[in-house]
S.K.: 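The structure under discussion is supplied below as structure tokens; questions concerning it will follow.
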Amino acid sequence: MADMKAFRNEVDRRAAGGPGGPGGTARELAAALGLRTAVLLEGPSDFAAVEALAARCGRDLAAEGVCVVSMGGAMNVARYAGLLGPPGLGLRLTGLCDEGERGFYARGLERAGAPSGDFFVCAADLEDELVRALGPERVEEIVRAEGDLRAWQTFLNQPAQHGRPRQRQLRRFLGTKKGRKIRYGRLLVEALDTERVPGPLDDLLRSL
């Protein structure tokens with residue numbers, strides 16, 4: 001039986017230029033899963049946040065024919081859009097985009113014949129949106145609860161952090177250790193008031 005993980009693995013292999021796997025082609029797997037939409041995200045922390053918000057809202061995106069894909073960087077958008085969008089599987093494409101990566105997205109989506117208006121732009125990145133939505137004090141509470149207080153204090157003592165706004169410090173801190181952004185992507189979403197979900201993330205989920 002086809003599953004979403006097998007489909008993602010197949011798409012990742014194709015995007016990397018490798019051969020297909022033993023579990024069936026991407027087209028066969030997409031058909032078996034009843035896919036209609038692919039959500040393109042820059043990396044695993046965005047993936048964790050979107051999956052966590054969907055779960056909080058009681059939604060099973062896979063059952064709705066929606067596949068959430070972590071592309072491993074904005075520069076890969078053309079490959080994934082070509083594989084999953086109009087030139088490839090013909091799925092509707094949507095997703096999140098960091099403000100600084102809009103150019104990569106615009107060019108990649110244009111090549112794939114996909115409308116860029118279906119992508120929702122974060123002011124800096126999704127972590128920045130989540131920190132602003134929760135407020136720095138609440139995020140620091142989560143950092144303490146996760147046992148990262150000492151690491152946070154050490155980070156604040158670095159000369160480069162002196163005088164910087166707390167929001168920017170927190171955003172930078174989340175990216176200083178491998179896996180931290182992924183873990184906090186989920187944790188910050190789980191801590192959100194459902195009426196204060198950041199606009200791009202809320203708009204994305206409502207569009208699916």
S.K.: Side-chain contact, heavy-atom cut-off 4.5 Å: Phe47 with Leu96?
M.R.: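 They are not in contact (no side-chain heavy atoms under 4.5 Å apart), so the answer is no.
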S.K.: Quick check: closest heavy atoms across Ala81 and Leu109, and the distance to 0.1 Å?
M.R.: CB-CD2, 4.1 Å
S.K.: Would you sort out whether Val39 and Val69 count as a side chain to side chain contact (heavy atoms under 4.5 Å, CB included), showing the intermediate values?
M.R.: CA-CA 6 Å; Val39 179; Val69 177; over 6 Å; no
S.K.: Any side-chain heavy atom of Phe120 sitting closer than 4.5 Å to one from Ser207?
M.R.: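 Contact flag for Phe120/Ser207 side chains = yes.
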S.K.: Per the side-chain hydrogen bond (donor to acceptor under 3.5 Å, both in side chains) rule, what does the pair list look like for residues 42-60, sequence neighbours excluded?
M.R.: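 Residue pairs with at least one partner in residues 42-60: Ser45-Glu127, Arg59-Glu64.
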S.K.: Which heavy atom of Gly82 sits nearest a heavy atom of Ala112, and at what distance?
M.R.: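 Distance-wise, the nearest heavy atoms are N-CB, 4.0 Å.
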S.K.: So does Gln161 have more than 12 non-hydrogen atoms from other groups sitting under 6.0 Å from CD?
M.R.: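 Enclosed.
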S.K.: With a 4.5 Å cut-off on side-chain heavy atoms, are Met4 and Leu33 touching?
M.R.: yes
S.K.: Measure from the side-chain N and O atoms of Glu129 to the backbone N and O of Ala123, and report whether any donor-acceptor pair falls under 3.5 Å.
M.R.: yes
S.K.: Mark yes or no for whether Arg186, through its side chain, and Ala52, through its backbone, hold a donor-acceptor pair below 3.5 Å.
M.R.: no
S.K.: Where do Val77 and Gly108 come nearest, in terms of heavy atoms and distance?
M.R.: CG1-CA, 4.2 Å
S.K.: Does the side chain of Leu93 come within less than 4.5 Å of Asp118's, by heavy atoms?
M.R.: no
S.K.: Taking all atoms of both residues into account, what is the closest heavy-atom pair of Pro198 and Ala133, and its distance?
M.R.: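 For Pro198 and Ala133, the tightest heavy-atom pair comes out as CG-CB, 3.8 Å.
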S.K.: Return yes if some donor-acceptor pair links the side-chain N/O of Arg27 with the main-chain N/O of Gly88 below 3.5 Å, else return no.
M.R.: yes
S.K.: What do the steps show when you test Glu146 against Tyr184 for side chain to side chain contact (heavy atoms under 4.5 Å, CB included), and what is the final call?
M.R.: CA-CA 9 Å; Glu146 286 298 300; Tyr184 278 92; 3.3 Å; yes
S.K.: How would you list all residue pairs meeting side-chain hydrogen bond (donor to acceptor under 3.5 Å, both in side chains) that involve residues 149-158, not counting sequence neighbours?
M.R.: Glu140-Trp152
S.K.: A side-chain contact here means heavy atoms from C-beta on lying under 4.5 Å apart; do Leu40 and Thr94 qualify?
M.R.: no
S.K.: Would one find more than 12 heavy atoms of other residues, nucleotides or ligands at under 6.0 Å from atom CZ of Arg92?
M.R.: yes
S.K.: For Arg206, what residues pass the salt bridge (Lys or Arg N to Asp or Glu O under 4.0 Å) criterion, not counting sequence neighbours?
M.R.: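 With neighbours one apart ignored, the set is Asp202.
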S.K.: Say whether Tyr105 and Asp98, considering side chains only, have a donor N or O and an acceptor N or O under 3.5 Å apart.
M.R.: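 No pair is found: no donor N or O on one side chain lies under 3.5 Å from an acceptor on the other.
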S.K.: Verify side chain to side chain contact (heavy atoms under 4.5 Å, CB included) between Val66 and Thr37, making sure each step is shown before the conclusion.
M.R.: CA-CA 5 Å; Val66 177; Thr37 299; 4.2 Å; yes
S.K.: Salt-bridged, Glu10 to Arg13, with N to O below 4.0 Å?
M.R.: yes
S.K.: Hey, quick one: are Leu174 and Ile142 part of the same hydrophobic cluster, counting side-chain heavy atoms closer than 4.5 Å, chains of contacts allowed?
M.R.: yes
S.K.: Any side-chain donor-acceptor pair under 3.5 Å between Gln169 and Arg172?
M.R.: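 Checked: Gln169/Arg172 side chains show no N/O donor-acceptor pair below 3.5 Å.
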S.K.: Between Asp148 and Arg183, does any NZ, NE, NH1 or NH2 come within less than 4.0 Å of an OD or OE carboxylate oxygen?
M.R.: yes
S.K.: So how far is it from Leu192 CG to Leu201 CG, rounded to the nearest 0.5 Å?
M.R.: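 Going from the CG atom of Leu192 to the CG atom of Leu201 covers 8.0 Å.
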S.K.: On a heavy-atom basis, which atom in Phe104 and which in Ala74 lie closest, and how many Å separate them?
M.R.: CB-O, 4.0 Å
S.K.: If you round to the nearest 0.5 Å, how far is CG of Leu83 from CZ of Arg14?
M.R.: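 Output value for this atom pair is 8.5 Å.
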S.K.: Under 4.0 Å between a side-chain nitrogen and a carboxylate oxygen: does that hold for Asp128 and Arg132?
M.R.: yes
S.K.: Using side chain to side chain contact (heavy atoms under 4.5 Å, CB included) as the criterion, point out the one residue from Arg166, Gln167, Arg168 that pairs with Leu170.
M.R.: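 Per the side chain to side chain contact (heavy atoms under 4.5 Å, CB included) rule, the option paired with Leu170 is Arg166, out of Arg166, Gln167, Arg168.
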S.K.: Within a strict 4.5 Å, meaning less than it, do heavy atoms of the Leu35 and Leu89 side chains meet?
M.R.: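 No - every pair of side-chain heavy atoms lies 4.5 Å or more apart.
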S.K.: I'd like to know if the side chain of Arg8 and the backbone of Val68 have a donor-acceptor N/O pair within less than 3.5 Å.
M.R.: yes
S.K.: Answer yes or no: is there a donor N or O on one side and an acceptor on the other, between the side chain of Arg180 and the main chain of Phe173, under 3.5 Å?
M.R.: yes
S.K.: Could you state whether Phe155 and Leu130 fall into the same hydrophobic cluster, counting links through intermediate Ile, Leu, Val, Met, Phe, Trp or Tyr residues with side-chain heavy atoms under 4.5 angstrom apart?
M.R.: yes
